[in-house]
Amino acid sequence: MSKQETFPITIKNKYLKTYKQNNPLIYREALKEPGKIKTEGSLLDLYSENDQYMGKGYYGKQNKGFGWVISKNKNCVLNESFFRAIIGAAVKRRSSFYISQETTAFRVFNGEGDGFGGFTIDYFDGFYLITWYNKGVYIWKDMIVACLEEDLEPKGIYEKKRFNKDGKYVDANDFVQGQKAPEPLIVLENKVKFAIYLDDGPMVGVFLDQREVRKTIREVYAQGRSVLNTFSYTGAFSVFAALGGAIKTTSVDLANRSRPKTEEHFQINGIDPESQDIIVEDVFNYFKYAVRKALCFDLVILDPPSFARSKKRTFSVAKDYVDLLKDVIQITSKGGVIVASTNYSNFDMKKFKTFIDIAFKELSEDYRVRETFSLPEDFHISPDFPEGDYLKVVFIEKLS
Ligand code: SAH
């Protein structure tokens with residue numbers, strides 16, 4: 001490991017309360033002289049303007065923030081035993097996941113929620129995937145990998161580097177060490193199979209944070225319903241809906257790869273893909289078509305990316321969600337349910353619910369919120385940093 005320097009740095013008075021309340025994220029604007037810290041991975045000793053010690057952190061640029069606070073203790077040393085302790089505690093917290101026969105994919109270490117912002121670790125049936133969200137934390141890669149190797153008997157270790165500008169993925173060979181995972185690697189989620197590709201671009205095939213939502217769709221909402229899954233990616237929601245007794249599922253995604261990936265997910269779960277509709281199209285065009293044809297679905301899943309650029313438009317959840325919902329409401333049957341989801345971290349559940357309210361009001365439709373979801377247990381969040389809970393899912397019944 002390269003030798004790290006520790007720099008004293010002063011927090012502006014205005015932000016003192018934030019850090020006294022254990023906010024783990026270091027904002028650039030909270031620092032008096034952020035410009036003097038040049039190298040990512042540098043350790044920071046944070047002081048108040050009147051020289052009170054506030055904590056130890058590191059510099060790692062992410063789309064949000066300048067770095068992370070990692071300890072209140074000035075003498076804290078970032079060595080292998082430090083990482084073994086925090087990763088060990090995180091593993092212990094997930095002991096029920098480790099013994100489960102029905103679910104073999106889950107989050108093991110959730111960044112700041114487990115005491116160290118900037119990286120996460122996911123488990124896929126014995127394989128571990130580390131995702132790095134800034135260049136700073138990457139200097140501790142060898143130590144973190146060694147911890148996994150020594151304490152967790154991984155079959156193999158993979159990584160995703162998401163420390164390009166804007167948190168974008170750095171395309172690379174994602175294999176780190178150990179055995180290579182089969183392609184696909186079949187994992188289970190509540191007994192349903194998922195095909196995981198650990199070394200095939202930024203995403204592995206499934207978003208683990210929607211586990212409870214998928215389960216609820218299968219157990220409570222799918223039976224006897226026609227289901228539309230928009231922004232369907234590999235069809236994970238569609239598979240759960242089909243297994244839950246949906247009459248038919250329709251999956252819509254712009255990406256060509258979504259068709260074979262969705263077919264594969266149906267196939268490995270014993271569902272004939274021919275019995276389901278898979279449509280490769282821009283969702284916005286599909287909505288126009290569906291409204292024109294007066295199509296109607298009993299369950300519509302709306303889980304768009306926070307930002308997306310297609311040939312014709314740039315989409316952002318903050319600006320476009322109300323309009324998207326209005327399209328969805330028009331093609332949802334009376335008594336039908338909309339699963340409105342977003343992982344956009346810059347607004348909270350309260351704000352998200354106002355979007356829902358506006359969309360229904362503008363169409364003079366009535367609705368009732370049936371239930372809401374945020375991150376599942378394995379995506380452990382810090383009580384001092386509620387914005388770490390980025391996931392917001394609302395099951396809405398259309399009444400009129
Ligand atoms: N809901 C999915 C995850 C969505 S990931 C799940 O839980 O599994 C975002 C997906 O949106 C990607 O597959 C991307 O191809 C798709 N996408 C982005 N813009 C789109 C658009 N305008 N129309 C259709 N799909 C789009």
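Counting starts at 1 for both ligands and their atoms, in listed order.
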Ligand 1-proximal atoms of Phe315, by part, heavy-atom distance under 4.0 Å
neither
What I want to find out is whether Glu29 reaches Lys14 closely enough, with some N-O distance under 4.0 Å, to be called a salt bridge.
no
Considering non-hydrogen atoms of the protein only, which is the closest contact for atom 8 (O) of ligand 1, and what is the distance?
Tyr233 CD2, 3.7 Å
Closest to atom 10 (C) of ligand 1 among protein heavy atoms sits Asp253 OD2, 3.4 Å
Numbering the atoms of ligand 1 from 1, which are under 4.0 Å from a heavy atom of Glu281?
23 (N), 24 (C)
Give me the nearest non-hydrogen protein atom to atom 9 (C) of ligand 1 as residue plus atom name, then the distance to 0.1 Å.
Pro305 CD, 3.8 Å
I'd like to know whether ligand 1 has Ser258 as a neighbour, heavy-atom separation below 4.0 Å.
no
Region of Arg257 engaging ligand 1 - heavy atom pairs below 4.0 Å:
side chain
Any idea which protein heavy atom is nearest atom 1 (N) of ligand 1, and the distance to it?
Asp303 OD2, 2.7 Å
To the nearest 0.5 Å, how far apart are OH in Tyr15 and CG in Asn23?
10.5 Å
Answer yes or no: is there an ion pair linking Asp199 with Lys180, defined by an N-O contact shorter than 4.0 Å?
no
Does Arg94 come within less than 4.0 Å of Asp114, counting only side-chain N to carboxylate O?
yes
What protein heavy atom sits nearest atom 22 (N) of ligand 1, and how far off is it?
Asp282 OD1, 3.2 Å
Centres of the Tyr53 and Tyr47 rings: under 6.0 Å?
yes
Just let me know how Phe207 lines up against ligand 1, side chain, backbone, both or neither, with a heavy-atom cut-off below 4.0 Å.
side chain
Salt bridge present between Lys160 and Asp174 (N-O < 4.0 angstrom)
yes
Candidate pair Arg257 and Asp200, rule salt bridge (charged side-chain N to carboxylate O under 4.0 Å, His left out), full reasoning:
CA-CA 12 Å; Arg257 58 153 202 256; Asp200 186 23; over 6 Å; no
On the six-membered ring of Phe355, is Lys392 placed so that its NZ or CZ lies under 6.0 angstrom from the centre and within 45° of the ring axis?
no
Please state which protein non-hydrogen atom is closest to atom 4 (C) of ligand 1 and give its distance, to 0.1 Å?
Phe231 O, 3.3 Å
Is it true that a side-chain atom of Asp122 and a backbone atom of Leu129 form a donor plus acceptor pair closer than 3.5 Å?
no
Which atom pair, heavy atoms only, marks the closest approach of Ala359 to Val322?
CB-O, 3.8 Å
Tell me the protein heavy atom at minimum distance from atom 25 (N) of ligand 1, and give that distance in Å.
Leu254 N, 3.0 Å
May I ask you to check whether Val283 has an N/O atom sitting below 3.5 Å from an N/O atom of ligand 1?
yes
Shortest protein heavy-atom distance from atom 19 (N) of ligand 1, along with the residue and atom involved:
Ala308 CB, 3.6 Å
Applying a strict 4.0 Å limit to heavy atoms, is Met203 in contact with ligand 1?
no
Show which atoms of ligand 1 fall inside a sub-4.0 Å distance from at least one heavy-atom site of Ala255.
15 (O)
